[in-house]
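Here is the structure we will look at, set down as structure tokens.
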Amino acid sequence: MAKYKVELDVEQCTGCAACNASCPDSFDMIEDDKGTPKAKVKTPDIDDLGCCMDAAQVCPVNCIHITDTVENKKLI
Ligand code: SF4
């Protein structure tokens with residue numbers, strides 16, 4: 001099992017692209033079936049947080065969540 005899980009609440013995502021700007025290695029911008037821009041986590045299960053925490057912290061609606069799966073603890 002990977003050490004961290006990165007999740008994104010698509011319903012809350014406003015499509016502002018701040019996460020993608022902050023951490024393009026881990027967040028893509030896509031369009032949903034209505035053509036609304038939304039962020040997408042490239043790799044949800046990771047061993048190295050990289051810039052994911054930065055992206056989660058810049059999200060204006062706090063819809064990016066990271067869990068430490070080893071400690072079973074929600075980090076953000
Ligand atoms: S920063 Fe948050 S609201 Fe903006 S695109 Fe990323 S996940 Fe969506």
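Numbering of ligands and ligand atoms starts at 1, following listing order.
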Inset, instruction - Output the list of atoms in ligand 1 that are nearer than 4.0 Å to some heavy atom of Val61, sorted by atom number. - result: 3 (S)

Inset, instruction - Please could you name the atoms of ligand 1 that Ala39 approaches to less than 4.0 Å, counting only its heavy atoms? - result: 5 (S), 6 (Fe), 7 (S)

Inset, instruction - Verify the distance test for Cys59 against atom 2 (Fe) of ligand 1: any N/O/S atom under 2.8 Å, yes or no. - result: yes

Legend entry - Main-chain N/O of Asp32 paired to Lys38 side chain as donor or acceptor, under 3.5 Å: no

Inset, instruction - Please state which part of Thr14 comes within less than 4.0 Å of ligand 1, counting heavy atoms only: side chain, backbone, both or neither. - result: both

Inset, instruction - Tell me, yes or no, whether the heavy-atom count around Lys42 atom NZ, taken from other residues, nucleotides or ligands under 6.0 Å, exceeds 12. - result: yes

Legend entry - Close side-chain approach of Ile64 to Val6, heavy-atom, < 4.5 Å: yes

Legend entry - CA sep, side-chain torsions, deciding dist, call: Asp68, Tyr4, side-chain contact (heavy atoms from CB on, under 4.5 Å): CA-CA 5 Å; Asp68 181 327; Tyr4 301 102; 4.2 Å; yes

Inset, instruction - Examine Cys16 and say whether one of its N/O/S atoms is closer to atom 4 (Fe) of ligand 1 than 2.8 Å. - result: yes

Inset, instruction - Apply disulfide bond (SG atoms under 2.5 Å apart) to Cys23 and Cys51, showing your working. - result: CA-CA 6 Å; Cys23 191; Cys51 49; 2.0 Å; yes

Inset, instruction - Measure from the side-chain N and O atoms of Thr69 to the backbone N and O of Lys3, and report whether any donor-acceptor pair falls under 3.5 Å. - result: yes

Legend entry - For Cys63, atoms of ligand 1 separated by under 4.0 Å from a heavy atom: 2 (Fe), 7 (S)

Legend entry - Subset of ligand 1 atoms that lie under 4.0 Å from at least one heavy atom of Ala17: 4 (Fe), 5 (S)

Inset, instruction - Number the atoms of ligand 1 from 1 as they appear, then name those within less than 4.0 Å of a heavy atom of Cys19, with their elements. - result: 1 (S), 5 (S), 6 (Fe), 7 (S)

Inset, instruction - Output yes if Cys13 passes the N/O/S-under-2.8 Å test against atom 8 (Fe) of ligand 1; output no otherwise. - result: yes

Legend entry - Charged N-O contact under 4.0 Å between Asp28 and Lys40: no

